[in-house]
Every structure is written in C-alpha cells, then in structure tokens.
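Since the structure comes first, as structure tokens, the remarks are kept for the end.
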Amino acid sequence: MQPGRLGVGIIGAGRVGPVLGAALAGVGHSLVGVHAISEDGWERVEALMPDAPLLDVPTILERSELVVLAVPRDQLEQLVAGLAEAGLWQPGQLVLHTDASFGTLVLEPARLQGAIPLAVHPAMTFTGTSIDLQQLLFSSFAVTAPAAVLPIAQALAVELGAEPVVIEEGDRPAYAEAIATATEFSDSIVSQSARMLAQLGVERPGRVLGQVVRSSVEAALSRNYDAEQ
C-alpha cells in the first residue's frame, strides 16, 4: 500500500505540526485543516500553512485520510483514547504521532476502530519556522508500525527527503533517551560556552560558537561512524 496523495489533518500547532503540514503539502498532499488553540500556534499556521483551514478536532478526523498528532507527550494518550470513546476514528484512516517515546501501542484505541497506526519521529530540533523545512532534508525519521503497514511510514519519511530508521516498539523508550541525551547535552554545553564568551565581552557568542559547534559535532559523528564500520 502506498500513501498516494492524501488529505492531511494536523492536530497540534506547536513547533512540529505546522512544519510537517507544510512539508507534506510541499510534496503534493492536500491540507484538510489544522487544529490550533494558542496565539503562537495561529501565527505558526499563518506563516507555514496560510491556506489551511482552522478546524475543530472532530471535523479534522471526519475529513482526513492522514491525521498527524503533533501534541505534547503528556496529552497524546488521553487524546487518542478520548477520540476513540467518541467514536471518531475511521476504518482505513492513517493516524501518525510524532513523539519519540511512544511506538504504536499508544494508538491502540484508534487501531481498534480500524485506523492504521504509525509512529514517526523526526530526529531533529524544531524551531517552528520555515528553516525546519530544509533541515528535514538532512534528518532521519524513527519509524515504528505493524509490519504490514511499515512501508507506509517509511514512504512518508522518504517523500519528505528524510531517511527512515526502523525502531522496534519495545526500543522506543531507549531511542527517546538517546535523543534527549544528545539534545540536553548540546544545549547545556553551548549555553555554558556562550556565557563564558559573553563574560569576556564578546557581543555575539553564537556567531563565534556556531561553526565550532557544527564542525565538532560532525567530527564526533564521523569518528563514531567510522569506528562502527
């Protein structure tokens, strides 16, 4: 089964949802609508998906062939279950969440109503701006799905220019920990170095550190990759 041209609904207008919506629209999918509840979210939608209607969640589920759940981790399970209790999931509908920690078990209530569960996590730090659209082209997507529909998740990642990396259901927590470790460590080190430079009177610490950090990370990744070959 191929994803084809899909009617896509986005639930969540944080830093991830509007970027993925714009990326999917950019490769030919149709934006059915987006659900946003904050002023910041509305602004991101306006900037990245200006033609996407703002809709309520039931309407999005009614009209969408692919529903992207880009919501905070602590809201995902309750949202999926609540929509199932309301009987809103549709047979054959693709439902995709973007959280690193969960596989597809969190989507079980939707699956029981006939939806097709996909867990797809873009392994990058989002800014919620158009800059992210280019970063997607250099990223990897962690994909988890039942074997029969795993090619759908992989195909969606490839369509967006990313490399799909299959993560088993039981390995998602360890994967999330690895991503969090890299993210938190990088943020901590850069912040510490920037403060040190600022104390020396450097007006734009980020400009000084930018290439140092990027080249150091690339070198570290190269060394680790070469060691594994």
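Here the shortest heavy-atom pairing between Ala110 and Val80 reads N-CG1, 4.1 Å. Residues Ala84 and Pro109 come closest through the heavy atom pair CB-CB, 3.6 Å. Taking all atoms of both residues into account, the shortest heavy-atom contact from Val8 to His29 is CG2-CB, 3.9 Å. Between Gly128 and Leu48 the shortest heavy-atom distance is O-CD1, 3.6 Å. Closest heavy-atom contact between Ile116 and Gly92: CD1-O, 3.8 Å. The two residues Pro146 and Pro117 have their closest heavy-atom pair at CD-O, 3.6 Å.
Between the side chain of His97 and the backbone N or O of Gly103 there is at least one donor-acceptor pair closer than 3.5 Å.
Thr98 is not listed as a side-chain neighbour of Phe141, based on a closest heavy-atom distance of 4.5 Å or more. Looking at Leu61 and Ile11, their side chains come closer than 4.5 Å, going by heavy atoms from C-beta outward. Within the 4.5 Å cutoff, no side-chain heavy atoms of Thr125 are placed close to those of Thr127. Taking 4.5 Å as the limit, some side-chain heavy atom of Met49 sits within range of a side-chain heavy atom of Val34. With a 4.5 Å cut-off on side-chain heavy atoms, Leu118 and Leu156 count as touching. Side-chain contact check for Arg111 versus Glu108: some heavy-atom pair is nearer than 4.5 Å.
Cluster membership check: Ile189 does not share its hydrophobic cluster with Met196, using side-chain heavy-atom separations under 4.5 Å among Ile, Leu, Val, Met, Phe, Trp and Tyr. When hydrophobic clusters are built by joining Ile, Leu, Val, Met, Phe, Trp and Tyr residues whose side-chain heavy atoms come closer than 4.5 Å, directly or via intermediates, Val19 is grouped together with Val45. No continuous path of ILVMFWY side-chain contacts below 4.5 Å connects Leu94 to Trp89, so the two sit in separate hydrophobic clusters. Both Leu79 and Phe102 are part of a single hydrophobic cluster, where members link through side-chain heavy atoms under 4.5 Å apart. Note on Ile10: it clusters hydrophobically with Met124, by side-chain heavy-atom contacts below 4.5 Å among ILVMFWY residues.
Separation of atoms CG (Leu107) and CG (Leu76) is listed at 6.5 Å; rounding is to 0.5 Å. From Thr104, atom OG1 reaches atom CD of Glu169 across 4.0 Å, with rounding to the nearest 0.5 Å. Atoms CD and CD, on Gln154 and Glu159 in that order, are 13.0 Å from each other to the nearest 0.5 Å. Expressed to the nearest 0.5 Å, how far CD1 of Ile37 lies from CG of Leu54 amounts to 12.0 Å. To the nearest 0.5 Å, atoms CG (Leu96) and CG (Leu6) are separated by 11.0 Å. One distance of note links CG of Leu20 with CG of Leu24; it measures 6.5 Å at 0.5 Å rounding.
Evaluation of the side chain to side chain contact (heavy atoms under 4.5 Å, CB included) rule for Pro53 yields Leu55 as partners, not counting sequence neighbours. Contacts of Arg195 classified as side chain to side chain contact (heavy atoms under 4.5 Å, CB included), with partners at least two apart in sequence or in another chain: Ser191, Gln192. In terms of the side-chain hydrogen bond (donor to acceptor under 3.5 Å, both in side chains) criterion, residue partners of Asp56 (sequence neighbours excluded) are, by chain and number, Thr59. The side chain to side chain contact (heavy atoms under 4.5 Å, CB included) search around Ala142 returns His121, Ile167, Arg172, Tyr175, not counting sequence neighbours.
A 6.0 Å sphere centred on CD of Gln75 holds more than 12 heavy atoms belonging to other residues, nucleotides or ligands. Taking a 6.0 Å sphere around CD1 of Ile131, one finds it holds 12 or fewer heavy atoms contributed by other residues, nucleotides or ligands.
Here salt bridge (charged side-chain N to carboxylate O under 4.0 Å, His left out) pairs that include residues 79-89, with residues two or more places apart or in two chains, number zero. For residues 59-81, the set of pairs meeting the salt bridge (charged side-chain N to carboxylate O under 4.0 Å, His left out) definition, not counting sequence neighbours, comprises Arg73-Asp99.
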For this session: Give the C-alpha distance, both sets of side-chain angles, the deciding distance and a yes or no for side-chain contact (heavy atoms from CB on, under 4.5 Å) between Val32 and Ile60.
Result: CA-CA 7 Å; Val32 169; Ile60 287 177; 5.6 Å; no
Exercise. For Asp51 and Leu31, what are the C-alpha separation, side-chain angles and deciding distance, and is it a side-chain contact (heavy atoms from CB on, under 4.5 Å)?
Worked result: CA-CA 8 Å; Asp51 297 327; Leu31 292 178; over 6 Å; no
For this session: Evaluate side-chain hydrogen bond (donor to acceptor under 3.5 Å, both in side chains) for Ser64 paired with Gln93, printing each intermediate quantity in order.
Result: CA-CA 7 Å; Ser64 301; Gln93 183 174 59; 5.6 Å; no
